[in-house]
Amino acid sequence: MKWKMLLSASSLSQHFRSLLRSCSVTSSLHPGKQLHAAATVSGLLSFPNYFLLNALLHLYASCSSLPYAHYLFDQIPQSHKDTVDYTTFIKCLSRQGYPQKALNLFAEMRQRGLSIDGVSMVCVLNACARLGDVKVGEQCHAGVVKIGLLKCVRVCNALMDMYVKCGGLVGEVKKVFDEMEDPSVVSWTVVLEGVVKWEGVENGRVLFDRMPERNEVAWTVMLVGYVGNGLTKEAFMLLQQMVFSCGFGLNYVTLSSVLSACAQSGDVSMGRWVHGYGLKMMGWDMDVMVGTSLVDMYAKCGRIDAALAVFNNTSRRNVVTWNAILGGLAMHGKGKAVVDMFPCMVEEVKPDAMTFMALLSACSHSGLVEKGLQFFKELESVYGIRPEIEHYGCMVDLLGRAGQLEEAEAVVRKMPIPPNEFVLGSLIGSCYTHGKLQLGERIMTELVHMDPLNTEYHILLSNMYVLSGKVDEANSFRQILKKRGIKKVPGMSSIYVDGKLHQFSAGDKSHSQTAEIYIMLNDMIRRLRFSGYVPNTSSQVLFGCSGRDDCTEEALEEVEQVLFSHSEKLALSFGLISTVSGSPLYIFKNLRICQDCHSAMKIASDIYNREIVVRDRYRFHSFKQGSCSCSDYW
DNA sequence: GGCTCCCGTT
């Protein structure tokens with residue numbers, strides 16, 4: 001009788017495990033939880049059943065439910081945890097954003113003398129890839145060789161992926177690949193990603209065409225490569241081939257990957273196509289990641305109204321979606337909208353650390369000092385979020401921009417984490433804006449220790465010396481910069497016209513329409529001057545003129561010429577001659593827009609009757625009828 | 001007996 005009961009219990013357990021497996025495969029958390037409850041009630045879990053526990057652990061890991069997975073992992077007695085249990089939880093930690101914890105757990109597993117198999121090695125290599133830790137990755141490589149796992153295709157794939165993600169050691173990737181007896185389509189795809197990322201999209205295409213077989217991932221990698229490099233036409237051609245000739249459907253991972261690339265490169269035409277595709281296939285009930293990527297894409301492409309429309313129509317929203325829209329509004333200087341929307345967010349989802357970055361930067365960009373201080377206070381006391389260095393950075397920025405330099409410095413001195421170069425960099429920026437030379441000098445000393453090769457801060461301080469009449473100090477600074485050979489990151493501006501990205505550097509003459517662009521530029525400067533534009537040479541005197549130390553009239557003229565051929569103005573001139581009159585222009589700049597270009601854009605938006613949207617490294621400026629959305633508050 | 005690789009939102 002007892003034997004019969006045991007037998008039925010064992011078959012019941014098998015039944016449960018097979019049901020749990022199907023929940024894991026489909027990431028069905030709710031039915032899985034019900035099974036968990038049923039297993040508990042039936043008494044199956046009241047005596048040790050390690051396979052069932054592992055199936056439950058796997059369920060929660062597959063459903064990205066870290067707290068439950070952690071609970072299950074702890075439920076398994078230490079003496080009975082085997083390689084499979086560890087592997088399941090290591091993968092879960094790595095995927096949920098804790099790759100370091102995953103590696104720590106692997107170390108624990110090894111200390112306990114448990115064997116390493118191909119599967120656990122794949123998971124550990126994956127954690128190294130996510131962490132970007134090539135050192136541990138190389139140790140694993142040695143382990144792979146030692147255990148004889150090089151014949152295992154998936155291990156090799158994970159190994160190559162680790163080298164791709166950890167700084168692009170494409171040589172290592174190819175070495176592993178060449179030794180493989182029978183590389184799979186995944187192996188080829190990993191190499192493809194490495195080549196696209198580190199050897200350029202053209203080289204990637206050569207490899208793509210040579211691949212014996214291509215899956216949707218390979219197509220996605222290639223697409224993202226094109227979009228990320230501004231090659232919209234090529235991307236559309238590839239997409240057409242993928243969907244219409246080869247019959248691939250686009251899944252949600254492909255859609256969000258492509259959208260993320262669109263957001264980065266500012267390619268709204270491809271972004272819109274993906275939006276249309278998503279609507280046709282899924283309607284508004286689309287995947288939460290796709291919806292979020294859409295919101296982010298529209299916001300980062302300067303279409304904040306479209307971002308809001310998508311946000312309001314999406315039926316699935318999580319904290320990331322909210323963060324995307326609040327961050328987008330913040331970048332567009334719509335601080336009040338952010339403050340007004342926050343209470344609605346709290347009703348719907350729990351805000352996280354990232355939310356407060358968006359909130360504080362919104363206050364910072366809109367000069368809402370009181371509101372920002374209040375948010376910062378509530379961050380810990382109401383929402384239980386421990387402030388991170390980025391939050392302190394936002395506070396320093398908020399107070400500094402508003403001219404409250406003493407308060408900003410007090411934040412730096414009192415913060416429990418040592419300030420990094422971004423925090424101090426923001427402070428020195430505010431010192432420049434508000435002419436606080438002495439504080440600037442002090443901060444500079446600290447910054448030089450932290451980041452001796454940074455040019456931006458050196459230039460800022462040197463400019464401050466000039467503005468306060470200390471030309472000698474400025475000159476000595478310039479000498480230091482010259483001696484050390486510190487080079488400025490070149491400013492680049494780009495603009496999409498007819499699905500093609502056109503890039504300009506300062507004084508660029510490489511564009512095929514250079515002659516027309518410069519004719520337009522000269523005409524524009526003339527009209528700008530006529531409307532009251534005065535070149536702002538004050539901050540350029542120092543580093544603009546190619547190493548001249550004098551400030552004669554000719555030097556000044558030279559400085560003006562440098563100003564006029566700033567990359568933003570070239571992109572604007574090109575945009576004006578190559579688009580329909582009255583249509584808005586969207587320009588992307590890799591650094592902060594300069595003061596002079598900012599004034600020029602304001603007037604240009606009026607005299608040419610165009611909306612000009614400029615995305616710089618930090619935020620958006622929308623110029624319309626002579627004024628800017630930032631209200632000149634940077 | 002189970003745990004696995006490539007593209008994935010702020």
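Model, not experiment: these values are computed from the prediction. Below, chains carry the letters A, B, ... as their sequence lines are ordered, and counting in each starts from 1.
Taken from OG in A:S366 to NZ in A:K371, the straight-line distance is 13.0 Å, to the nearest 0.5 Å.
Between the base of B:dT9 and the side chain of A:T292 there is a donor-acceptor pair shorter than 3.5 Å.
Rounded to a whole Å, the NE2 atom of A:H391 is 12 Å from the C1' atom of B:dT10. When the C1' atom of B:dT9 is taken as reference, atom CG of A:L326 falls 15 Å away, rounded to whole Å. Between the P atom of B:dG8 and the CE atom of A:M289 lies a distance of 10 Å, rounded to the nearest Å.
Using cut-offs of 30° and 60° on the angle between ring planes, the pair A:F89 and A:F73 is parallel. Classification of the A:F356-A:F375 ring pair by plane angle, with boundaries at 30° and 60°, yields perpendicular.
Side-chain contact, A:T232 with A:S269: no donor N or O sits under 3.5 Å from an acceptor N or O.
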#### Entry: Sugar-phosphate or base contact per nucleotide [nucleotides 2-7 of chain B; S, B, -; heavy atom under 4.0 Å]
BBBBBB
### Message
Quick one, A:E172 with A:K175, criterion salt bridge (charged side-chain N to carboxylate O under 4.0 Å, His left out). Give me CA distance, side-chain angles, the key distance, then yes/no.
### Response
CA-CA 5 Å; A:E172 287 298 318; A:K175 230 188 268 171; 3.2 Å; yes
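In summary, of the residues considered (A:V258, A:V227, A:L250), a side chain to side chain contact (heavy atoms under 4.5 Å, CB included) with A:L239 occurs for A:L250 alone.
If you check every strand for non-hydrogen atoms under 4.0 Å, A:Y252 touches a base.
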